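Reviewing the structure listed below.
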Amino acid sequence: MKFSKAYEPNQYEPDIYALWEKSGAFKPNDTKKGPEYTIVMPPPNANGNLHIGHGLTIALEDILTRYHRLKGDDTWYIPGADHAGFETWVVYERYLESQGKTRFDYSRDELYEQVWNFVHEQRGNMELQLRSLGASCDWDSLTFTLDNKVVDTVYSTFKKMWDDGLVYRGEKLVNFCTKHQTAFADIEVTHKDEKGKLWRIAYPLEEPTDEVSELIVSTTRPETLFGDTAVAVNPKDKRYENLIGKKVKLPLTNRLIPIIADEHADMEYGTGVVKITPAHDPNDYEVGQRHNLPMITVIGFDGNMTPAAGDDYKGLTTEECRKKVLQDLIDQDLSRGEEEITHSVGHCYKCDTVIEPLLKEQWFVNLEPLAKRAIEALEAGKIKFHPANKKKVLINYLKNLRDWNISRQIPWGIPIPAFVNVDDPKDWIYDTRVNEETIKVNGKTYRRDNDTFDTWFSSGQWPYITTSDMPHHYPTSVMETGADLLFQWVGRMIMLGLYITDDIPFKDVYMHGMVLDEKGQKMSKSKGNVINPMEIVSQYGSDALRLGLIASRSAGVNQAFSTSKVIASRNLCNKLWNISRLIQQIVDENPTDDSTVELKNYGENWICHQINQANREVQKMLDHYRFAEAGDLLYDLIWNKYADWFLESQKLWKNTNLLKSTLEQILTMLHPFAPFVTETIWQNLSWTNGMLIVNEWPKTYKVDQERVANFEELIDIVTNIRSHFQSLPGANSYPIAFHDDELVYRNQLLIQHLTKAPCVPQIEGKTATGLRLAIQNHNNIYLQIPEDIHAKYKANLEDRILKLGREINTLQARLDNPRYVEKAPVELVEESRLALHDKQKLLDNMKAELELV
RNA sequence: GGGCGGUUAGCUCAGUUGGCUAGAGCGCGUCUUUGACGUAGACGAGGUCAUAGGUUCGAAUCCUAUACCGCCCACCA
């Protein structure tokens with residue numbers, strides 16, 4: 001016997017994975033009869049460990065992959081590894097710091113090489129973890145985001161955009177983290193509502209009149225006043241009509257700045273006068289553009305005040321400067337009060353430093369034409385979303401896109417292939433010789449741009465890059481990823497995919513929600529509530545983790561991790577193991593010569609019907625990404641139907657070939673969800689050949705529906721009898737007598753076996769007596785109980801009569817409603833009639849019985 | 001300011017074209033050395049589906065409003 005008493009996942013999982021991998025089962029196979037089925041794995045960080053969210057991602061993607069492989073599709077699950085530009089850089093810079101070094105101690109090329117080595121030392125961990133999660137991906141096609149084919153594609157895309165005028169060099173306000181010394185895209189900035197103050201400051205008029213001597217502006221950032229190049233009022237604002245075009249004195253300086261009229265000034269807000277600081281505020285930047293205002297940078301990239309802030313303030317941090325400015329304003333009697341407000345402030349998502357909008361020359365992508373095509377494709381329904389509402393959300397986002405800053409000032413990433421003329425800062429050329437600091441073209445010297453691409457610029461091209469060796473696998477079948485990446489990644493893949501390939505990158509999008517901790521809190525290292533998937537795997541097994549993660553989880557919804565669901569799943573694996581153990585025993589004792597499957601009794605027809613139904617339902621559910629329901633259904637089939645009823649009944653009549661066949665079907669259907677235990681069982685069974693992973697999806701059985709229905713009735717009878725045994729006082733079983741009941745007569749042995757009570761043989765021509773059971777369609781079954789417990793039974797019976805009466809009333813009322821009979825589907829009405837008829841008959845019996853008792 | 005969700009059993013959640021007695025896991029109660037499984041078996045208790053209206057023969061499901069909770073986007077001096 002190869003089956004131990006309990007299933008020990010750790011004992012088998014690594015070997016089983018190695019078996020699959022060696023066999024080549026993970027490779028796509030275009031000799032298969034089915035269509036291409038392709039999933040690109042969202043590439044995990046190459047130098048990191050997998051977190052529980054990866055556990056979910058891999059579970060979902062691998063379920064789909066294995067399901068389609070079993071169905072005979074040319075299935076390709078493409079793994080990846082992400083250089084994770086900024087993320088990894090943050091880790092490496094921290095390491096440098098610990099060594100007492102900074103990035104300025106090395107050249108860009110040196111840093112790149114160092115991080116490369118750093119990443120490659122760690123790489124492999126992540127891949128081992130993917131294996132222990134059971135990912136059945138084609139390792140030979142693993143793509144690292146810095147592989148040549150990625151870089152080449154990214155360069156040619158950049159070039160194409162350059163030629164099409166979609167990418168441009170521009171000096172604009174960018175989101176800058178003064179700690180990490182790099183700019184970010186708008187979407188990468190985390191906004192938080194914070195309490196702050198709104199200060200009112202007097203700006204004296206150059207030429208005071210009798211009525212007005214000063215304008216009062218409101219600001220949350222007094223330290224930027226040195227960068228003011230105007231104050232604005234609304235053109236419709238009668239209060240200031242006469243002042244437009246005049247000048248005010250900028251406090252703490254000797255500068256005069258104009259009073260301009262611009263819609264941006266809100267008449268309702270504060271005094272209706274706003275200071276304009278084009279170099280430090282995105283709104284003001286636009287006002288500045290409209291009015292040709294000068295831009296004065298008073299905060300530097302180091303986060304400190306520049307010399308332009310004046311001798312008294314230069315070199316101060318913004319915070320120090322703010323304090324000093326406020327004090328100085330009070331001293332000069334220019335402060336006009338303050339109020340508490342709540343406003344939204346941008347932060348760096350890694351270090352929480354306040355993001356400064358700073359003027360910087362960067363590469364920008366004009367997304368408007370790309371977004372337009374994406375919106376068209378989405379509105380035409382070319383990509384299906386799960387959950388469906390994400391499509392609307394994405395379209396809404398794409399309609400309001402601004403240009404995308406793709407330059408990052410970090411060394412770890414794909415270098416931007418652009419060079420600038422050392423003598424002419426406007427003269428930029430495209431060139432891929434990024435390993436050279438300067439190049440000569442047409443006698444002119446060009447210096448390379450030291451920036452790298454935003455990683456999402458390359459990730460956004462992932463589907464067509466990874467499938468480039470087998471382009472018939474593009475568009476891919478489904479993009480499965482976290483709901484948080486809708487804009488950041490999914491949107492960009494659609495835009496770039498349409499731009500480069502003229503085709504959508506994937507047909508479906510499935511987005512999962514976040515896995516929260518057991519209390520429903522977001523997991524984070526600082527909170528210390530992170531669940532390590534590898535620990536769950538070693539404790540409960542990989543299959544249990546998968547099943548536990550997908551249980552009760554629906555698309556796009558954040559949900560807590562549940563250990564109890566993992567345990568329930570572990571128990572299912574053990575149950576299946578023991579089912580197999582029992583069947584193997586029976587097979588050993590009852591060998592057969594052939595494998596013909598014949599359905600002999602009620603239970604056999606019934607279980608085949610149940611399996612058929614599960615087969616159809618599971619396919620339907622997986623085709624609609626309803627993982628949790630499919631898992632639930634199989635759980636119910638295996639445990640509550642196969643083990644509890646069918647196997648129990650097979651202890652009486654052993655149909656070896658059917659046991660083998662049904663077990664194979666169940667193993668196959670469960671394999672996508674629990675690949676390890678099912679394959680392990682397959683390998684241990686004496687009669688199976690080859691590997692389950694490449695088995696065929698089961699075909700349905702031919703069943704006799706009448707016998708299926710009969711077995712349902714037997715289940716009713718047995719349950720009813722057991723229920724009586726449980727609720728009646730005294731001994732827990734009594735003899736069962738009956739008359740005129742063909743089904744019971746033929747199944748006496750089974751009923752005895754399942755109820756552990758003897759059936760009294762029927763005597764020709766005599767009616768049975770005792771406590772009559774009230775079972776639909778079976779009115780002549782009696783429990784031979786002693787007189788003294790009839791009373792107890794009577795009370796029970798009265799309860800049930802009341803309940804049944806209520807049900808009958810409901811049905812009757814429904815059928816009495818002429819509009820129901822008229823409008824509801826005929827089958828439904830017919831069903832109600834039948835139900836009413838049966839229930840009424842049952843009620844009559846029960847009432848008759850009550851009189852007897 | 002705009003947008004999107006959620007509210008169903010003690011707990012965590014399913015429930016997709018509106019239709020049998022609203023389900024699961026865990027938990028709870030009672031019983032059980034049954035040819036595999038105590039990581040088990042049997043039986044059972046437990047829900048006015050947030051609230052108020054509406055549409056419909058019929059609503060957890062569709063519509064409107066309210067309350068509470070949450071998320072995302074946005075250039076709110």
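Only this structure's heavy atoms are used, side chains among them; waters, hydrogens and symmetry mates stay out. Because the structure is predicted, anything quoted here is derived from the model rather than measured. Residue numbers begin at 1 in each chain, while the letters A, B, ... track the order of the sequences.
Atom-to-atom, CD1 of A:Ile638 to P of B:G41 comes out at 13 Å; the value is rounded to the nearest Å. For the pair A:Gln726 CD and B:U32 P, the computed distance is 9 Å after rounding to whole Å. Rounding to whole angstrom units, OH of residue A:Tyr642 and C1' of B:A36 are separated by 12 Å. Look at CD on A:Glu268: it is 14 Å from P on B:G1, rounded to the nearest Å. Atom CG of A:Asn558 is separated from atom C1' of B:C4 by 13 Å (rounded to the nearest Å). Across the protein-nucleic acid pair, A:Asn720 atom CG and B:A42 atom C1' stand 14 Å apart, rounded to whole Å. B:U34 atom P lies 18 Å from atom CD of A:Gln752, rounded to whole Å. Rounded to an integer number of Å, the gap from CG of A:Leu398 to P of B:C73 is 14 Å.
Each of A:Ile257, A:Ile216, A:Ile276 was scored for a side chain to side chain contact (heavy atoms under 4.5 Å, CB included) with A:Val231, with one residue passing: A:Ile257.
A donor-acceptor contact shorter than 3.5 Å links the side chain of A:Ser569 to the backbone of A:Lys565.
For A:Arg221 and A:Glu356, the salt-bridge test passes: some basic side-chain N is under 4.0 Å from an acidic carboxylate O.
Among the nucleotides B:A36, B:A14, B:C43, the one closest to any side-chain atom of A:Val557 is B:A14. With B:A36, B:A77, B:C43 as the choices, the nucleotide that has an atom nearest any side-chain atom of A:Arg722 turns out to be B:C43. Among B:G25, B:C75, B:A40, the nucleotide with an atom closest to any side-chain atom of A:Lys575 is B:A40. Listed nucleotides B:C13, B:C43, B:G38 differ in distance to A:Gln559; the shortest reach to its side chain belongs to B:C13. Set against B:G41, B:C37, B:C26, the side chain of A:Trp639 has B:G41 as its closest nucleotide. Closest to the side chain of A:Asn578, from the set B:C75, B:A77, B:A36, is B:A36. Closest contact between the side chain of A:Tyr269 and the listed nucleotides B:A42, B:C76, B:U39 involves B:C76. Of the candidate nucleotides B:G35, B:C4, B:C37, B:C37 has the atom lying nearest to any side-chain atom of A:Arg581. Side-chain atoms of A:Ser554 lie closest to B:G15 of the nucleotides B:G15, B:A36, B:U34. Here the side chain of A:Thr719 is nearest to one of B:C43, B:A77, B:U34, namely B:C43.
With sequence neighbours excluded, no residue satisfies salt bridge (Lys or Arg N to Asp or Glu O under 4.0 Å) with A:Glu713.
For A:Lys565 and B:U12, a side-chain-to-base donor-acceptor distance below 3.5 Å is present, hydrogens and geometry of angles not being considered. For a distance-only test at 3.5 Å, the side chain of A:Glu648 qualifies as a donor-acceptor partner of the base of B:A36.
Residue A:Ser344 places none of its side-chain N or O atoms closer than 4.0 Å to OP1 or OP2 of B:A74. In terms of phosphate contacts, A:Arg553 brings no side-chain nitrogen or oxygen within less than 4.0 Å of OP1 or OP2 of B:C13. In this structure, A:Asn571 reaches the B:A40 phosphate: one of its side-chain N or O atoms is under 4.0 Å from OP1 or OP2.
Residue contacts for A:Lys5: at a heavy-atom cut-off of 4.0 Å it reaches the sugar-phosphate backbone alone, with no base atom in range. A:Gly513 comes within 4.0 angstrom of nothing in the nucleic acid, heavy atoms only. Within 4.0 Å of A:Asn574, counting heavy atoms only, lies at least one base atom of the nucleic acid. Nucleic acid contact for A:Ala568: sugar-phosphate only, since backbone atoms but no base atoms lie under 4.0 Å from a heavy atom of the residue. Counting any heavy atom pair closer than 4.0 Å across all strands shown, A:Ser218 reaches a base atom. As judged by a 4.0 angstrom heavy-atom cut-off over every strand, A:Asp644 is placed among residues touching the sugar-phosphate backbone only. Using a 4.0 Å heavy-atom cutoff across all strands shown, A:Tyr7 reaches no nucleic acid atom at all. Counting non-hydrogen atoms under 4.0 angstrom, A:Val273 reaches a base of the nucleic acid. Residue contacts shown for A:Lys392 are limited to sugar-phosphate atoms, with no base heavy atom under 4.0 Å away. Base contact: A:Arg570 has a heavy atom under 4.0 Å from a base atom.
Side-chain atoms of A:Thr277 and A:Lys275 form a donor-acceptor pair, as typed in the model, at a separation below 3.5 Å.
Among all heavy-atom pairs drawn from A:Met511 and A:Leu486, the shortest one is SD-CD1, 3.6 Å. Smallest separation of non-hydrogen atoms from A:Ser218 and A:Arg200: OG-CG, 3.8 Å.
B:C63 and B:G18: their P atoms are spaced 11 Å apart (whole Å). One P atom belongs to B:U39, the other to B:G27, and the distance between them is 12 Å to the nearest Å.
Secondary-structure stems of RNA chain B, taken as three or more successive Watson-Crick or G-U wobble pairs (i with j, i+1 with j-1) under a 3.5 Å distance threshold, comprise B:1-7 with B:67-73, B:10-13 with B:23-26, B:28-32 with B:40-44, B:50-54 with B:62-66.
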*Apply side-chain contact (heavy atoms from CB on, under 4.5 Å) to the pair A:Lys192 and A:Val345, showing each step before the final yes or no.*
CA-CA 5 Å; A:Lys192 294 186 200 173; A:Val345 181; 5.8 Å; no
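Taking the six-membered ring where the residue is Trp, A:Trp577 and A:Tyr7 present tilted rings, their angle falling between 30° and 60°.
For A:Lys654, the NZ atom sits in a packed shell: over 12 heavy atoms of surrounding residues, nucleotides or ligands are nearer than 6.0 Å.
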